[in-house]
There are 4 protein chains.
Amino acid sequence: MAMDKTERRVELLRAARDVFSTKGYHAAKVDDIVARAGVAKGTFYLYFPDKRSVFVELVDGLFSRLGAAILHVDSHADIQAQVKHNIRGIVAVLLDDPALTQLLLSFAPGLDPAFTTKLQSFYDGVKQLLKTSLDEGQTIGIVGPGDTSMYATFTIGALKEILAESTGSGPVRPREQIVDGLYQLLESGYLHASTPAPAPNNPPTKPKRRGGTRTST
Amino acid sequence: MAMDKTERRVELLRAARDVFSTKGYHAAKVDDIVARAGVAKGTFYLYFPDKRSVFVELVDGLFSRLGAAILHVDSHADIQAQVKHNIRGIVAVLLDDPALTQLLLSFAPGLDPAFTTKLQSFYDGVKQLLKTSLDEGQTIGIVGPGDTSMYATFTIGALKEILAESTGSGPVRPREQIVDGLYQLLESGYLHASTPAPAPNNPPTKPKRRGGTRTST
Amino acid sequence: MAMDKTERRVELLRAARDVFSTKGYHAAKVDDIVARAGVAKGTFYLYFPDKRSVFVELVDGLFSRLGAAILHVDSHADIQAQVKHNIRGIVAVLLDDPALTQLLLSFAPGLDPAFTTKLQSFYDGVKQLLKTSLDEGQTIGIVGPGDTSMYATFTIGALKEILAESTGSGPVRPREQIVDGLYQLLESGYLHASTPAPAPNNPPTKPKRRGGTRTST
Amino acid sequence: MAMDKTERRVELLRAARDVFSTKGYHAAKVDDIVARAGVAKGTFYLYFPDKRSVFVELVDGLFSRLGAAILHVDSHADIQAQVKHNIRGIVAVLLDDPALTQLLLSFAPGLDPAFTTKLQSFYDGVKQLLKTSLDEGQTIGIVGPGDTSMYATFTIGALKEILAESTGSGPVRPREQIVDGLYQLLESGYLHASTPAPAPNNPPTKPKRRGGTRTST
DNA sequence: AATGAATGAGAGTTCATTCAT
DNA sequence: AATGAATGAACTCTCATTCAT
């Protein structure tokens, strides 16, 4: 069954993405991918040199879309608008392709030392970019004192987690709610315990053992 | 080399942990593990039914230590102390065994659908516990309005990320700095842009294209 | 690019010959052949039923040219002229198409049991023909005593080797030098050790261990 | 079924040799080899890193035995004895393992460009060694004038051919007959046409077309 | 208990051949 | 006639697991 060459390639990429995101890289067999794409095994190798390279291409594509979505924040203009714009952009790119996001967040690390390095350096780049903005912000007083590189890490972690949850089995939330929620976290936190002077005979609070969920075996 | 049965088991677990955390589950061969433990291949199967189960046992052990470290927060006592205590506990458990932490944070997700589910439900449990506390806090006014389940997710994400970084190639930071940093994020965020009235001819700030690092291949 | 049917066939044969002689039968892919011929893959199968048959056709063509070059030697006429004529003919046929010669001498044996048999029987035919002449010569006393079938084999072996060398990376030699050299070998050998009476205390000559080149890896 | 590790290795080598020599490198499947050795597929890879390396090891072993059999000829001692000794040595090594000889003579060239080079350089070494002896002989007058490198080539070719024949489907001949036959060729040739003055009206002998075997398909 | 040789199911990849256009 | 995308049988190699010693 002939087909536009590009179209077939895309079809295979889509199939690969779906299978990878469901089973992970290793459990996904080339047989699964071609079955899903509805082609013969050999056809796969007309479009990709090997299994690994499809995976890499998928992640690379996502990386480049993410890269395009992240803009440097100009400290002299409306910060909130810019920050939210960035968050919104990232959220949009990832939630637009939940399967691919799953693949990135769950399975990409398990691939390869080589690939792990690449992954690492992508995240490092993003962190660095963010840190630079934060340092700038600190200079002009709109970012609180403290380790900006740690702030960058927190931010990225929070974002990853909410997106992993959203693309996984988590609750569906309007994107804007995610954006606003995260922004609010960054802007003012959520925990406003006005550090009540502990009652004299209330020693440094030995917290009680929690009773709840113990997940073992 | 005669050896206590338990000791050998522990040695194998340790070896497995090291190999898994270095190469990931799939790249870690049973041969690598036994080589590192200094025993013969067959011996491995005297102590564990299969490769997967060592991995699972390692993660389960970590889970149970983590579970023990997380305490329910009593809203009527010193919140800050309790929250920090919790964070400190989690951080301690994980940084005390960086290899195992790497394994949990980087490689556990990519293992198995079955295992992913287990992982999921552990995190869900933690999130739920956290959310419950937050809900309680919201009632008495020490947690800001908003989606507490999202806050829980953010918090866990931030924690995961900083710990992954710390056990990976990231900078070494005093544990207390991590604890304080995260607490501060939760308590007041870091971004204090008092939304400056934009200059009249400064419309809702179109952010500039970032020029920097593009990580794609 | 329209083209005479025969011409295209010849072009494919030439391409196949070149690729086969360079890489050997198995390393030569149909893709290589069609690429060299500048046609599409499918076209190959319009002219040949399969890969093997091109190879066979090439060798068969060479065989038939060789067969035509080899003449029966008439014992009653000028032997030297006839023998040299034969050698010259064979040399001409093979050196005129060095690639094909390489293919025949280097790669043809490794192809197939079936093909090996065919090859065998060609050589057997030539040997038989030669042996018949030698037997005839022996009768009239111009061929020395001894196993004529073995002489035939030697002759063919010497010829094969010098031609393999000449079409391979060996030195280029004028054809007539090859012809004369081989003829001389057949006619009087090259080793004229008049078996010098060994010195009394020189027992049956234990040859010395050679020190030189040992080619092994 | 446990077994001495070396013994099993040898068994696999033997099996490989037999299969290779029968079907050639490419037609010989690892399955064939292990079937003949009576072991499972995986076992093969306990002893050899890959298919190619068994082949190489086989040929290398033969090379080293051949190398050991070839001695430099001392021009000042009994030439005939030494030359025959060398021939006898080579013949012995090869006829002692006919299968391996088949493999070397028929299938080794078709393996690999890399391997072909190695093969080449082994033969070149032998040729060079022989040529050196011949040059020496020429100096002291026991080797006739002419291109010694060509003589070397002829000699090797003749030897190869008789051995290929002997290890293949050819007639069985006492080894000493081969040795003597070849020595005689080198020493005096076999064709003793006393170049009869052609009868006046017997022009430079146009040989008659041969009627015999025409091998074409 | 310990060993490590043996196993064999299974995976990725190749490539001669087919066939719809 | 020509094309080149598609096919799928076949092959090599891997590695978790077994088991005789």
Side-chain angles (χ1 to χ4, degrees), chain A residues 1-5 7-9 12 26-34 37-54, chain B residues 1-5 8-9 26-35 37-54, chain C residues 1-5 8-9 26-35 37-54, chain D residues 1-5 7-9 26-34 37-53:
Chain A
M1 196 183 296
M3 196 177 222
D4 184 340
K5 231 183 159 212
E7 205 180 331
R8 173 118 310 164
R9 213 186 126 82
L12 276 164
H26 288 97
K29 309 302 171 195
V30 174
D31 270 326
D32 298 329
I33 297 172
V34 297
V39 298
K41 190 124 125 251
T43 303
F44 179 89
Y45 291 92
L46 290 177
Y47 294 89
F48 304 97
D50 51 29
K51 182 185 165 188
R52 188 180 187 276
S53 73
V54 218
Chain B
M1 195 185 293
M3 200 175 223
D4 184 346
K5 200 159 184 252
R8 176 136 294 175
R9 217 186 122 84
H26 287 98
K29 310 301 172 196
V30 174
D31 269 322
D32 298 329
I33 296 171
V34 296
V39 299
K41 192 123 143 250
T43 305
F44 179 91
Y45 290 90
L46 294 176
Y47 293 89
F48 304 97
D50 53 29
K51 181 184 168 189
R52 189 179 185 277
S53 73
V54 216
Chain C
M1 195 185 294
M3 199 174 225
D4 184 345
K5 201 159 183 245
R8 176 136 293 176
R9 218 186 122 83
H26 287 99
K29 310 302 172 197
V30 174
D31 269 321
D32 298 329
I33 296 171
V34 297
V39 301
K41 192 123 144 248
T43 305
F44 179 91
Y45 289 89
L46 293 176
Y47 293 89
F48 304 96
D50 52 30
K51 181 185 166 187
R52 188 178 185 279
S53 72
V54 216
Chain D
M1 197 183 294
M3 196 176 220
D4 185 340
K5 231 183 160 213
E7 206 180 331
R8 174 119 308 165
R9 215 187 126 83
H26 288 98
K29 307 305 170 194
V30 174
D31 270 327
D32 298 329
I33 296 172
V34 297
V39 298
K41 192 129 117 245
T43 304
F44 178 90
Y45 291 93
L46 290 177
Y47 294 88
F48 304 97
D50 51 28
K51 181 185 166 188
R52 188 180 186 278
S53 74

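- Pairing each heavy atom of His26(C) with each of Lys29(C), the nearest pair is O-NZ, 2.9 Å.
- With distances taken from any side-chain atom of Tyr45(C) to the nucleotides dT17(E), dA2(F), dT7(F), the minimum falls on dT17(E).
- Two residues, Phe44(D) and His26(A), neighbour DNA chain E, and the one matched to the more 5' nucleotide by heavy-atom proximity is Phe44(D).
- As rounded to whole Å, 10 Å separates atom P of dT13(E) from atom CD1 of Ile33(A).
- Between Arg52(D) and the phosphate of dT12(F), there is no side-chain N or O to OP1/OP2 separation shorter than 4.0 Å.
- With sequence neighbours excluded, the residues that form a side chain to side chain contact (heavy atoms under 4.5 Å, CB included) with Arg9(D) are Tyr47(D), Phe48(D), Glu57(D).
- The shortest side-chain heavy-atom distance between Ile33(B) and Phe44(B) falls under the 4.5 Å cut-off.
- The side chain of Asp50(C) lies closest to dT17(E), out of dT17(E), dT3(F), dG12(E).
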Per-nucleotide pairing state of DNA chain E [Watson-Crick or G-U, under 3.5 Å; [ ] pseudoknot-crossing; | other strand]
.||||||||||||||||||||
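- Between Arg9(C) atom CZ and dA2(F) atom P the separation is 13 Å, expressed in whole Å.
- Applying the salt bridge (charged side-chain N to carboxylate O under 4.0 Å, His left out) test to every pair with at least one member in residues 42-53 of chain D, sequence neighbours left out, gives these pairs: Arg52(D)-Asp112(D).
- Side-chain N/O atoms of Tyr47(A) include one lying less than 4.0 angstrom from OP1 or OP2 on dA6(F).
- Taking atom CZ of residue Arg8(D) and atom P of nucleotide dG4(E), one finds them 17 Å apart after rounding to whole Å.
- Residue Thr43(B) holds its OG1 atom at 6.5 Å from CZ of Arg8(B), rounded to the nearest 0.5 Å.
- If you take NZ of Lys5(D) and P of dT21(F), they are 18 Å apart, rounded to a whole angstrom.
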Within the sub-3.5 Å range, which N or O atoms of nucleotides 8-11 of chain F have a protein N or O partner, and how far apart are they?
residue : atom : partner  : partner atom : Å
dG8(F)  : N7   : Gly42(A) : N            : 3.2

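- Smallest separation of non-hydrogen atoms from Ala37(A) and Leu12(A): CB-CD2, 3.7 Å.
- Distance, Leu46(C) CG to dT3(F) P: 9 Å, rounded to whole Å.
- Here the P atom of nucleotide dA5(F) and the CG atom of Leu12(A) are 14 Å apart, to the nearest Å.
- Considering only residues two or more places apart in sequence or on other chains, Lys41(A) meets the salt bridge (Lys or Arg N to Asp or Glu O under 4.0 Å) condition with Asp31(A).
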